[in-house]
Amino acid sequence: MACRTHGRSPGPSRSAGASVSHPSPTVVFELSGRVRPLDSVGGTTDLSRRPTMTDVVHDARARAERTARIRQLGQNLSPDMVVGTQKICAEALPTAPFDDVAIVRDIAYGLHERHVLDVYSPAPPASPGGRPVVVFVHGGGFVAGNKGSDDSPFGTNIGVWAVRHGLVAVGINYRLAPEASWPDGADDIAAALEWVRDEIGSFGGSADSAFLIGQSAGAMHVADYLGRASRVAPPLELVGAALISCLYDVGSAADLPMHRAYWGDELSRWADMGSLSTVIETTTPLFLAVAEFDEPQFLAHALTMAQQWTDTHGTFAPLHLVPGENHLSTVYRLGSTDDILGPPLLTFISEALAISPSR
C-alpha cells in the first residue's frame, strides 16, 4: 500500500515470574527527552511556569463543567454516547496543520490490507535513532476501529501529543474479527514491532526505547502480546506498556457478539484466553488505567486485577483512575487543553526510561 506523507518523505519500509519493578510518579518528560525531577510541591522547578491560584481555580471549574457533560452521556457505549464523547473531546484538541509534526500514513508492515501503520515524528527531523517510541494500538471491540486518518482528529491526537513531548509515535491497524480470532491481535503487534525494530531509526526513533499503549480491545491485544513475548522471542525488548480500559479476566467477560467474534462461540474456552496472570507476572513495567465513568465491566475487571496484584505482590497495582473520563474520552482527549491521562502517562514513560537497562 502506498504511503501518504505530511511534511517529510517516508523512510524505507518492509513487511515485517521475576520481581516486578514499576515506576513511581516522580519525574516528568520534557520535549528534549530528558528526565527532570519534580520538586516537593509537584510542580516544575521553573518558578515562572507555575500556575497562579486563579489559574488553578479556572482550570478546576472548566474540568468540573466538562466532567458533568461526560457524566451525562452515561457509561454504556451507545451511539449517542460515542457521538457525544467525540463532540466534547474534539472541542479541545489541536487542529491541523501541525507544522511541528511530520505524519507518514499507511506504511505496510505486513501483507494484509489492515497491516498498515502511521508514523509521527518531529518536523524538521530529529537526529536519527534518538527519541523514545510509543506504539499505540486502537480499540473498537475487536470488530472496528482505526489508527487515525486525515478525516478525524482521533488517533492523530495521540501521535501529535507524543511528538510534542519528545517522542516518536506509531499508530497501527490490525486485523479485525470475525476474520481475525484470538490471538491474532498479539501476532499483528509482533509484526508491527518488527517494522519498528528495523525502520523507526530513519524517523528519529530508538527501537531500544519502545513502549506499547493499548486502549480497550487494543489493551487486550497488548496484554496478549506480553504473554506471547514470554513464550516466543520478541522482536524487541519493551521499556514499558500501558493498558487503558482492559478486560483482564476473559472468562468473566460479558457474552457479547463482538466478544464471540474474536474469542469464539465456546464460552468455556474464554478463561484460557485471559491476560490476568500475564499482567500480574510480567516483568515489563506497566501503566494500568481505568476511567471514572468506564463501562461497569471494565471497572469490575480493574478491581479484580488490583486485588490479585496485591495478593501476589503485597503492594497496590500500578493502576490509575482517570477522573472525569469515560471509556473513550481518556484517549480521545489525549493532547487536549484539559488532558487528564497525558501527564501521568508521561511520568510513567520518563520513569521507565530512567530504570531501563537499555538507556
Side-chain angles (χ1 to χ4, degrees), residues 17-38 119-122 126-137 158-159 161-170 172 186 189-190 192-214 219 222-223 225-244 275 278-289 309 313 315-320 341-359:
S19 62
V20 183
S21 177
H22 295 275
S24 58
T26 58
V27 298
V28 294
F29 202 72
E30 290 189 307
L31 287 171
S32 63
R34 294 172 297 180
V35 176
R36 174 171 55 89
L38 291 171
V119 179
Y120 301 79
S121 58
S127 301
R131 289 188 170 208
V133 180
V134 293
V135 180
F136 181 74
V137 188
I158 298 170
W161 164 83
V163 171
R164 289 178 174 174
H165 288 88
L167 309 165
V168 168
V170 177
I172 74 167
I189 289 176
L193 289 180
E194 288 181 7
W195 184 95
V196 169
R197 178 195 64 201
D198 296 339
E199 308 293 354
I200 203 62
S202 63
F203 293 88
S206 170
D208 292 329
S209 303
F211 293 79
L212 277 175
I213 302 174
V222 170
Y225 172 80
L226 295 177
R228 180 190 190 277
S230 69
R231 301 184 302 272
V232 181
L236 54 78
E237 293 295 329
L238 294 172
V239 177
L243 310 179
I244 303 162
S275 61
T278 293
V279 169
I280 299 299
E281 296 168 6
T282 185
T283 57
T284 300
L286 295 177
F287 176 98
L288 310 175
W309 182 287
H313 297 293
T315 60
F316 191 72
L319 177 64
H320 299 250
L341 178 64
L345 186 54
L346 288 169
T347 295
F348 162 74
I349 290 171
S350 59
E351 277 241 321
L353 287 167
I355 65 175
S356 172
S358 66
R359 297 291 290 179

If you look at every heavy atom in [X] and [Y], which pair is closest and at what distance?
X      : Y      : value
Ala192 : Ile172 : CB-CG2, 3.9 Å
Leu345 : Ala242 : CD1-CB, 3.9 Å
Gly159 : Ala169 : CA-CB, 3.8 Å
Leu236 : Ala210 : CD1-CB, 4.0 Å
Leu167 : Arg131 : O-NH1, 3.2 Å
Val279 : Ala223 : CG2-CB, 4.4 Å

Could you tell me whether the side chain of [Y] reaches within less than 4.5 Å of the side chain of [X], counting heavy atoms only?
X      : Y      : answer
Ile200 : Trp195 : yes
Leu193 : Leu212 : yes
Trp161 : Leu341 : no
Val222 : Val135 : no
Val196 : Pro235 : no

- Query: Is Thr282 reaching over with its side chain to a backbone N or O of Thr278, donor-acceptor style, under 3.5 angstrom?
  - Reply: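 Not confirmed, Thr282 side chain does not pair with Thr278 backbone.
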So, taking the atom named [atom1] in [X] and the one named [atom2] in [Y], what distance separates them when rounded to the nearest 0.5 Å?
X      : Y      : atom1 : atom2 : value
Leu243 : Ile213 : CG    : CD1   : 10.5 Å
Phe211 : Phe348 : CZ    : CZ    : 6.0 Å
His165 : Ile349 : NE2   : CD1   : 10.0 Å
Leu353 : Asp208 : CG    : CG    : 11.5 Å
Ile189 : Glu194 : CD1   : CD    : 13.0 Å
Ile158 : Phe136 : CD1   : CZ    : 3.5 Å

- Item | Pairing residues for Ala317 by the side-chain contact (heavy atoms from CB on, under 4.5 Å) criterion, not counting sequence neighbours |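 Result, side-chain contact (heavy atoms from CB on, under 4.5 Å) vs Ala317: Met305, Ala306, Trp309, Leu319.
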- When Ser206, Ser356, Pro132, Pro357 are each screened for side chain to side chain contact (heavy atoms under 4.5 Å, CB included) with Val239, the one that passes is Ser356
- Query: Can you name the salt bridge (Lys or Arg N to Asp or Glu O under 4.0 Å) partners of Arg197, sequence neighbours left out?
  - Reply: none
